[in-house]
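The structure under discussion appears below in the form of structure tokens.
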2 protein chains.
Amino acid sequence: MTLTTANDTPATLMIIDDHPLLRRGVAQLLELEDDLELVGETGDPEEGIALALKLEPDLVLLDLNMPGVNGLEALRRLREANYSGRVVMFTVSDHEDDVVAALRNGADGYLLKDMEPEDMVRQLRQAALGRMVISESLTALLAEALRNQRNAPTTPDIHSLTQREREILQQLASGLSNKLIARKLDITEGTVKVHVKHLLKKLNLRSRVEAAVWAVQEGIDH
Amino acid sequence: MTLTTANDTPATLMIIDDHPLLRRGVAQLLELEDDLELVGETGDPEEGIALALKLEPDLVLLDLNMPGVNGLEALRRLREANYSGRVVMFTVSDHEDDVVAALRNGADGYLLKDMEPEDMVRQLRQAALGRMVISESLTALLAEALRNQRNAPTTPDIHSLTQREREILQQLASGLSNKLIARKLDITEGTVKVHVKHLLKKLNLRSRVEAAVWAVQEGIDH
DNA sequence: CGAGGGCTATTCCTTTAGGGTTAGCCAGCC
DNA sequence: GGCTGGCTAACCCTAAAGGAATAGCCCTCG
């Protein structure tokens, strides 16, 4: 990995974002900066991953919300493929879960799309130098996340569930009663209740309503 | 209102979007077009409304998802203030409800931010001429919305609820039981049950789980 | 002033949810 | 072969949810 530190060669950047206009905005912004060079851009996550591995830019600006493969998945895939450059998530979402998930998955920064261009350039420059960058408006949110982590060490984790339990959870999160879930999956209501009981215990939740709300917020429904 | 029809004076446009980079992308795009002129831009909805009323552009590109006053609210306020130009919603959201709500509130178009720049210019030109423009990928969705409208004339409507019922719904949508809601709002559990019963009837839902899921999906929680 | 709506509350009743336990069946694993 | 984990199912029991009806209190509107 080549890391530009001073008035050497410019730092190379790539942007993966499904909004052509936003890409154009970023491109135009970077043209004005001598020490930052945009070497690639695409709106397709798959293509973006391949391109990043080929061009090996110092930094990848990665949209979190894209159709199909989402940004988080792309981030994981980049890391798995041993891409060693910086990856900065670039998104509209200031949801705590998104930020935390991105950072846990190895993101080197998290910038919001509504930031001012000048700030953007400054942050990108810092990121290219290897510093972690986070939009200022997210600091309070991060503090909150840390506090929650302390108080609730057992964050619900979808991966602790079995296939069947996930299936039950999805139905539950669409508002169905145990009886209707049973009818739909062609098992008895009693069995559904067993699954619900188990998934509530695993997720450390206290009712199906909590489970439904959590599932919807996490996008586990449908 | 001045409506540019031919090789006359260029059509005037305004953009209200809280993403400076995207505004820059649009601005650059429009500079290349002789018949489209960007006369104003801002990231603040309030300022945008005032500016639109002052400049009276032929067309306002309005972001649906903005902090504080949202785009739908801005649209309503523009219409109430008798702004007679075209208003085209410009957003990342392809949620059926958002599209339908925008059109019901008098939007003249609904464009997705991930569209290609060339399409964008073409669509804006059409819109400035008074034609309704909708991103192509949304046509199927609109057909769906129309069908649902036929089959389910009683779509849940938050506005049919009283203040107290909305309050109960919010608590419910955070996963609380009737008992806990009662404790939190300092009323008896029986009263909470009455409110829940009423709001379920008004929303035509069959359980608190359905209500919670709906509320979360609609963003009514918190 | 009376009517109506909103918020509160209570009583009665049925259905649903959820915890605990036991158990059969089947797959993969040591 | 025995063991474990997942899916199924049943039993018992308590708690929670939800439907129906009635009613008092307060406020607003005509």
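Just so it is clear: chains get the letters A, B, ... in the order the sequence lines come, proteins before strands, and each one is counted from 1.
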- Message: So if I take every side-chain heavy atom of Gln163(B) and compare against dC7(C), dA21(D), dG18(D), which nucleotide ends up nearest?
- Response: dC7(C)
- Mind checking Val194(B) for me? I need base, sugar-phosphate or nothing, with any heavy atom below 4.0 Å counting as a touch. base
- Passes side-chain contact (heavy atoms from CB on, under 4.5 Å), Gln171(A) versus Leu180(A)? Steps please. CA-CA 9 Å; Gln171(A) 299 302 322; Leu180(A) 291 182; over 6 Å; no
- Per atom distances to the Leu200(B) side chain, the nearest of dG18(C), dG19(D), dT8(D) is dG19(D)
- Message: If you define the side chain from C-beta out and look only at heavy atoms, does anything of Leu199(B) sit under 4.5 Å from Ile168(B)?
- Response: yes
- Would you mind telling me which residue lines up with the more 5' stretch of DNA chain C, Lys197(B) or Glu165(B), judged by nearest nucleotide? Glu165(B)
- Message: If you compare every side-chain N and O of Thr162(B) against the phosphate oxygens of dG6(C) (OP1, OP2), does one of them come in below 4.0 Å?
- Response: no
- Is any side-chain N or O of Lys193(A) closer than 4.0 Å to OP1 or OP2 of dG19(C)? no
- Whole-Å distance separating the CG atom of Leu161(A) from the P atom of dG5(D): 16 Å
- Below 4.0 angstrom from OP1 or OP2 of dC7(C), is there any side-chain N or O of Thr191(B)? no
- Query: What integer distance in Å separates Glu189(A):CD from dT8(D):P?
  - Reply: 15 Å
- Query: Rounded to whole angstroms, how far apart are NZ on Lys201(A) and P on dG18(C)?
  - Reply: 14 Å
- How is Gly190(A) classified with respect to the nucleic acid when contacts are heavy atoms under 4.0 Å: base, sugar-phosphate, or nothing? nothing
- Item | Selected nucleotide, minimal atom distance to Ser177(B) side chain, candidates dA16(D), dG18(C), dG18(D) | dA16(D)
- Message: Taking the minimum atom-to-atom distance to the side chain of Ser207(B), which one of dG18(C), dG18(D), dT8(D) wins?
- Response: dG18(D)
- Query: Would you say the side chain of Val92(A) lies within less than 4.5 Å of the side chain of Lys113(B), judging by non-hydrogen atoms?
  - Reply: no
- Query: Does Asn178(B) place a side-chain N or O at less than 4.0 Å from the phosphate oxygens OP1/OP2 of dA16(D)?
  - Reply: no
- Message: In this structure, how many angstroms lie between the C1' atom of dG18(D) and the CD1 atom of Ile168(B), rounded?
- Response: 14 Å
- Query: Within the pair His195(B) and dC7(C), is there a side-chain N or O less than 4.0 Å away from OP1 or OP2?
  - Reply: no
- Let me know the distance between CD1 of Ile187(A) and P of dC25(C), rounded to the nearest Å. 19 Å
- Under 4.5 Å between any side-chain heavy atoms of Val26(A) and Glu41(A), yes or no? no
- Message: Between Val192(A) and Leu185(A), is there a side-chain heavy-atom distance shorter than 4.5 Å?
- Response: no
- Query: So do the side chains of Ile49(A) and Tyr83(A) get within less than 4.5 Å of each other, counting heavy atoms only?
  - Reply: no
- Task: Please confirm whether any donor atom in the side chain of Lys179(B) sits under 3.5 Å from an acceptor in the base of dA16(D), or the reverse.
- Result: no
- Item | Distance in angstrom units between Arg206(A) CZ and dT14(D) P, rounded | 23 Å
- Message: For dG6(D) and Arg164(A) - does any side-chain N or O of the residue sit under 4.0 Å from the phosphate oxygens OP1/OP2?
- Response: no
- Item | Protein-nucleotide distance (Arg208(A), atom CZ; dA17(C), atom P), rounded to Å | 5 Å
- Atom-pair distance (CG on Leu176(B); P on dA17(D)), nearest Å: 10 Å
